[in-house]
2 protein chains.
Amino acid sequence: MSYTLEEIARLAGVSRSTVSRVINHHPSVRPEVRERVWRIIREVGYQPHAAARNLATRRSQIVGVVIPETLPKVFSDPYFPAVLRGISDALIERGYHLMLSLLSPQQEEDFYQRALRGRVVDGIIVLSARITDPLIRRAYQEGLPVVSIGRYPQEPGVTYVDVDNVGGGRMATEHLLRLGRRRVATIAGPQTMAPGIDRLEGYCAALQAWGLSPLPEWIAEGDFTEAGGYMAMHRLLPARPDAVFVASDLMAVGALKALREAGLRVPDDIAIVGYDDVELARFTDPPLTTVRQPIYELGRVAVHLLLRQLEEGTREPQRVILPVELVIRSSCGALREFGAHELSSESFIGS
Amino acid sequence: MSYTLEEIARLAGVSRSTVSRVINHHPSVRPEVRERVWRIIREVGYQPHAAARNLATRRSQIVGVVIPETLPKVFSDPYFPAVLRGISDALIERGYHLMLSLLSPQQEEDFYQRALRGRVVDGIIVLSARITDPLIRRAYQEGLPVVSIGRYPQEPGVTYVDVDNVGGGRMATEHLLRLGRRRVATIAGPQTMAPGIDRLEGYCAALQAWGLSPLPEWIAEGDFTEAGGYMAMHRLLPARPDAVFVASDLMAVGALKALREAGLRVPDDIAIVGYDDVELARFTDPPLTTVRQPIYELGRVAVHLLLRQLEEGTREPQRVILPVELVIRSSCGALREFGAHELSSESFIGS
DNA sequence: AATTTATTTGGGAGCGCTCCCAAAAAGTGC
DNA sequence: GCACTTTTTGGGAGCGCTCCCAAATAAATT
């Protein structure tokens, strides 16, 4: 049914080793022999057996992508497919396969043992929101190749790539300040997640750069959901803000609802800037000014960082931060004054 | 660094074979020996090498999930993550890994050779909208385990699972008829895709069941995008329909826009029923009555069908159709008359 | 206790490839 | 044409597991 190297060798009148060399494009094979071998291979449709090759090379050419089960609920529509496409495209270009693992916390241990220690995969990319993801730490400590998508401050040696959440938060907030708003509040994300922490940091930095100090009553923590945004907005109302930077569009939708119920007009009474630029952001009333992130690129860069570890054996941690851009729509009230345009944060790459 | 069976055997004072038996839960090992071996395994953190095992068993315990590159653009937000979750959950339960391949048509050939014929995966699940997907046909003809998510009429032997698109189309259309509408048009999906064809068939069946015949001027074909829906609606307007069954919510959004521009009120002047129940459907004006599909279940069933082939060697084609349900909101005008409720199509399973 | 039967264990062979080393063939220079 | 170098080729060993068969051991039967 299925051919082996040895059989191809016999058919081509050469040895097993020569066929192996041909397949692996090893230079030291006479052109005529190489041609003859390729012909036989094509003729019989020979395909080397992956497991045998993996065993001999101790490489599987498979990269694991780990997504904690809770994530897709939080990161809304474009995020998940876009980052996967970035990863997938980059892996295919480099001849790797993608093993996707959507894991609940209980399944992580088993995955770690079977897939990573059992060498089903050569390395993993973890899409973790949790700042203390145990899988990343463990893989890193055991010397298994791992890249985190999302900052990983817990363990300074871990290689990661992230979007510029601090810069995005700062940019969004400064945009509101520049429009003349002075009572700028924020609905922050959960302070257990790097994006939640970083976007809030950007907010605070912007205020301080304008000589304002971030007051506790202007900061409400949400959980990145619509309901969370709704409730957070209610907690913010007594402080009478004239603008709110909301750390996710989904929360912004909830906030808009709360404002509508409170009889406040957006952007006249209160300006809103969201974050993520989800599909929905174009359809809210009014359409959301928001921060767009290079999600696809995030995936591509993660792959490059991982393969650098795999193929070049780089052990020094790499850190890449990708720039984000402000997408101006109506909810911030800028359109009447400036016309639509986009702003972009600075990109910086460190190691 | 990493242990092998042989080393564990030496440490436990038994043979390689015995350790292998312990690991594979083979019954014929004395309990005390089994205990001793497990202790050593746990102590040193031994994990069998996947490639070696794969080579010996000729199984990889990996299932490939193939998604043609064009698909995620068409199927909107909940579809893609939901079906993957269904697949992933079911695979994990059965001890398999998921290899995800997002492929462009040019990459399909290479994938077929390397992954499938090279036995990187034990079988594949293909999420194909195209009714003539070449990958499915080829895998099937070469006897490699494959399950199609989405009807596959091309090759009668192919095992597939699908949602009840015909039933959904019929249900949506009948709902409009039951509400007293008689000039019921449709914006159909592309007639190259099974869902496009099937939903239109359901529409026609419903009309006929009510003694009406589907007129050409009441049928406009869209491409499942918002823009396509917008243009299709324009083509439909001259026929002065009082209701439209739109074969996807995204197209319905476009249709609503066209109606708004034409000064028609929904549902008063014209009733709309969409399809898919995407996130957005709750936010349109008015909120869309639509058809919800058991997407998650689709993934789970696909896995069961594939593993049945893999583990039981079933060769007869299996066909499963999952029921859908009507979600009633305001765009059909039913709420005033009946109050909200849901209807569900019949489930049927054939072979 | 001796014999038969069932259970448990060990070791060889093999899965299909790569990698290394030595042998063979081809090429160089005088 | 001969000695020497370089290129090309073949075969052994090994990657780490499973599977089968036979040997060893334990249990059952008379």
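In what follows, chains are A, B, ... by sequence order, proteins preceding strands, each numbered from 1.
Applying the side-chain contact (heavy atoms from CB on, under 4.5 Å) criterion to A:T57, with sequence neighbours excluded, gives A:R53, A:R59. Residues satisfying the salt bridge (charged side-chain N to carboxylate O under 4.0 Å, His left out) test with B:R16, not counting sequence neighbours, are B:E6. For A:E312, the side-chain contact (heavy atoms from CB on, under 4.5 Å) partners are A:R308, A:T314, not counting sequence neighbours.
B:R117 has its CZ atom 14 Å from the P atom of C:dG16, to the nearest Å. The nearest whole Å value for the distance from the CD atom in B:E7 to the P atom in D:dG16 is 8 Å. Separating the CZ atom of B:R34 from the P atom of C:dT8 is a distance of 9 Å, rounded to the nearest angstrom. The distance between atom CD of A:E32 and atom P of D:dT8, rounded to the nearest whole Å, is 10 Å.
Donor-acceptor pairing under 3.5 Å is lacking for the side chains of A:S60 and A:N54. For the residue pair B:Q141 and B:E155, a side-chain donor N or O sits within less than 3.5 Å of a side-chain acceptor on the partner.
To the nearest 0.5 Å, atom CZ of residue A:R36 and atom CG of residue A:L11 are 11.5 Å apart.
For the pair B:I149/B:Y160, no side-chain contact is recorded, criterion being any heavy-atom separation below 4.5 Å from C-beta on.
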Could you encode protein contacts along nucleotides 17-25 of chain C as a string, one character per nucleotide from 5' to 3', using B for base contact, S for sugar-phosphate-only contact and - for no contact, with a heavy-atom cut-off of under 4.0 Å? BBBB-----
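In this model, the phosphate group of D:dG16 is approached by a side-chain N or O of A:R58 to a distance below 4.0 Å at OP1 or OP2. Listed pair A:S28 / D:dT8 fails the phosphate criterion, with no side-chain N or O lying under 4.0 Å from OP1 or OP2.
In terms of position on DNA chain C, the residue among B:V14 and B:L55 whose nearest nucleotide sits closer to the 5' end is B:V14.
Residue pairs meeting the side-chain hydrogen bond (donor to acceptor under 3.5 Å, both in side chains) criterion with at least one member in residues 143-152 of chain A, sequence neighbours excluded, are A:R151-A:D198.
When the C1' atoms of four end pairs are superposed on the next four at each end of the helix from C:dA1-D:dT30 to C:dC30-D:dG1, using five pairs per end, the two resulting axes differ in direction by 30°, to 10°.
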